[in-house]
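Start at 1 with the first residue, then count along the sequence. As a basis for the values below, the full set of heavy atoms in this structure was taken, side chains included, without hydrogen atoms, waters or symmetry mates. Counting convention: from 1, in listed order, for ligands and their atoms alike.
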Amino acid sequence: MEKKQPHVVCFPCPAQGHINPMMQFAKLLHSRGFFITFVYTDYTHRRQLEPLECLDGFQFEVISDGLPPDAGTMEILQTFRGSFRESCSVTFGELLRKLHNPSDGHVVTCIVSDAFMTFTRKVAEEVGIPDVIFCPMAACGLMAFLNYPELIRRGLAPLRDESYTSKGYLDTTIDWIPGMRDIRLRDLGSFLGSTDLDNFMLNFVANEAQNALKAPMVIFNTFDSLEREVLHGFRSMFPARIYSVGPLLLQRRLLSENVFKSVKLSMWKEEIECLKWLDSHEAASVIYVNFGSTTITTAQQLLEFAWAIADSNHPFLWVIRPDLVKGGQTILPQEFMDRIEGRGMLVSWCPQEEVLAHPSITVFLTHCGWNSTLESISFGVPMICWPFFGDQQTNCRYACNEWGVGMEIDSNAKREEIGVLIKEVVEGEKGKDMKKAALNWKESAEIGIKEGGSSHTNIELLIQELLQLKGN
Ligand code: UDP
């Protein structure tokens, strides 16, 4: 590394949906001359499939996180708890001291922290390095979490008792959150379903959102025309500079695809044969089903989806992670397998961006993780939404009500209802409107990243600002 080269240390939360967009952002900075240190922890290292290639100006560092070696998918939430933070505060601090040594001319320009890992700010401050926040969620997702304390103060959350989930109470409309119109309590994230004021996640996400906005800069993987009002809300409420620079997956295509196609930090093996299988299908004919890296279903829910998809009579690609079902029962009945023979492909993980970009895909049945939602929008694919937890309810609401690209499945997930929605989206008029809206958003996203577009302009401003930062 040249001593004068700006050096950014990126540290995402160890979850696939956080690593992917941070990696895209790191690649973007690298393509603009920044030296990158990409930090990940034992948890990811144990699951990492291939050794990572270190490229010129892009290095990886693994730090110890104190998580048990057998921590599974849902234990990822443990990474938000005390022991992970305490361990990483020590090991991340040691790493920063190694990398940042002004006396011999090695200076880290700034760290880029995940919005859910704001404990890193204190560490960076101690070493004398500025801290910038990268938000892996949509602006609407962060805005929802940010307002949890106010919802609590107004007595709207937590729920008085469990019965409130079925009383229509969650349909209460909230009209005072900046940039969010006609939003209902149920759209503000799953943690509001808690009846406990001390619920860990309720408090954790609220605190992290508040802390994130104390940074000098907050970077969002979204684009202005998609989330104009919420972004405006942030810009008018906080001194932090808000940079909306997405969709990063499209940025990468323009800026650095050749250099970086090889660097991927994936925790599951992609079954790329599915792309060939898609090649053999007609345009806009295949239903794509994938609930991301953290959703857990019950065995019954899996069956409901299975029969709804089988009964649709459309070809489909369904990604069933080995740990998708609580208790591990991912084997589907022989009767189902016979029924779908020659029409369905089941895999355990896929190259999702390539799948969504494939012309054979007609609809994405998704859990509405922010990356999946943005990827779907970026490739003009309408969605059938089955939000699982966290910010996914908020993304779902925006996809269905604001952007016109989604239809929501009730959380009970009954095969008849799922079947009706599939029919409506794949064959009906509503589906045509959603496809049109999705293609319009795709075009807006592409305009945004081209010269003169909002994300392009924001990236130029952000890079200028990063270049002014200095550690001491
Ligand atoms: N992903 C993938 N292959 C799969 C499933 C998911 O490459 O089979 C990627 C997907 O493209 C996205 C990320 O994993 O970038 C999942 O993030 P998201 O925010 O959608 O959901 P999460 O996994 O965090 O719930």
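- Between Y288 and ligand 1, a contact under 3.5 Å exists for no N or O pair.
- Listed for the R32 side chain is no donor-acceptor partner under 3.5 Å among the backbone atoms of L28.
- Both the backbone and the side chain of N371 come within 4.0 Å of ligand 1, counting heavy atoms alone.
- Considering backbone and side-chain N/O of C350, one or more are found under 3.5 Å from N/O of ligand 1.
- Counting only heavy atoms of the protein, atom 14 (O) of ligand 1 lies nearest to N20 ND2, 3.5 Å.
- For atom 1 (N) of ligand 1, the nearest protein heavy atom (residue, atom name, distance) is W349 CZ2, 3.4 Å.
- When the options G292, G369, S293 are ranked by their closest heavy atom to atom 23 (O) of ligand 1, first place goes to S293.
- Considering backbone and side-chain N/O of N290, one or more are found under 3.5 Å from N/O of ligand 1.
- Listed by number with element, the atoms of ligand 1 under 4.0 angstrom from any heavy atom of W370 are 19 (O).
- W386 has its ring centre less than 6.0 Å from the ring centre of F305.
- By the criterion of a heavy-atom distance under 4.0 Å, neither the backbone nor the side chain of R321 is placed next to ligand 1.
- Residues T394 and D187 bring no donor and acceptor atom of their side chains to less than 3.5 Å of each other.
- Without hydrogens or angle criteria, R85 side chain to F119 main chain gives no donor-acceptor distance under 3.5 Å.
- N221 contributes no side-chain N or O that, together with a main-chain N or O of P247, makes up a donor-acceptor pair within less than 3.5 Å.
- Residue-ligand proximity, S372 to ligand 1, at heavy-atom distances under 4.0 Å covers atoms 18 (P), 20 (O).
- Contact atoms of ligand 1 toward V319: 8 (O) (distance under 4.0 Å to a heavy atom of the residue).
- Residue contacts with ligand 1, taken as heavy atom pairs separated by less than 4.0 Å, involve H367 solely via side-chain atoms from C-beta onward.
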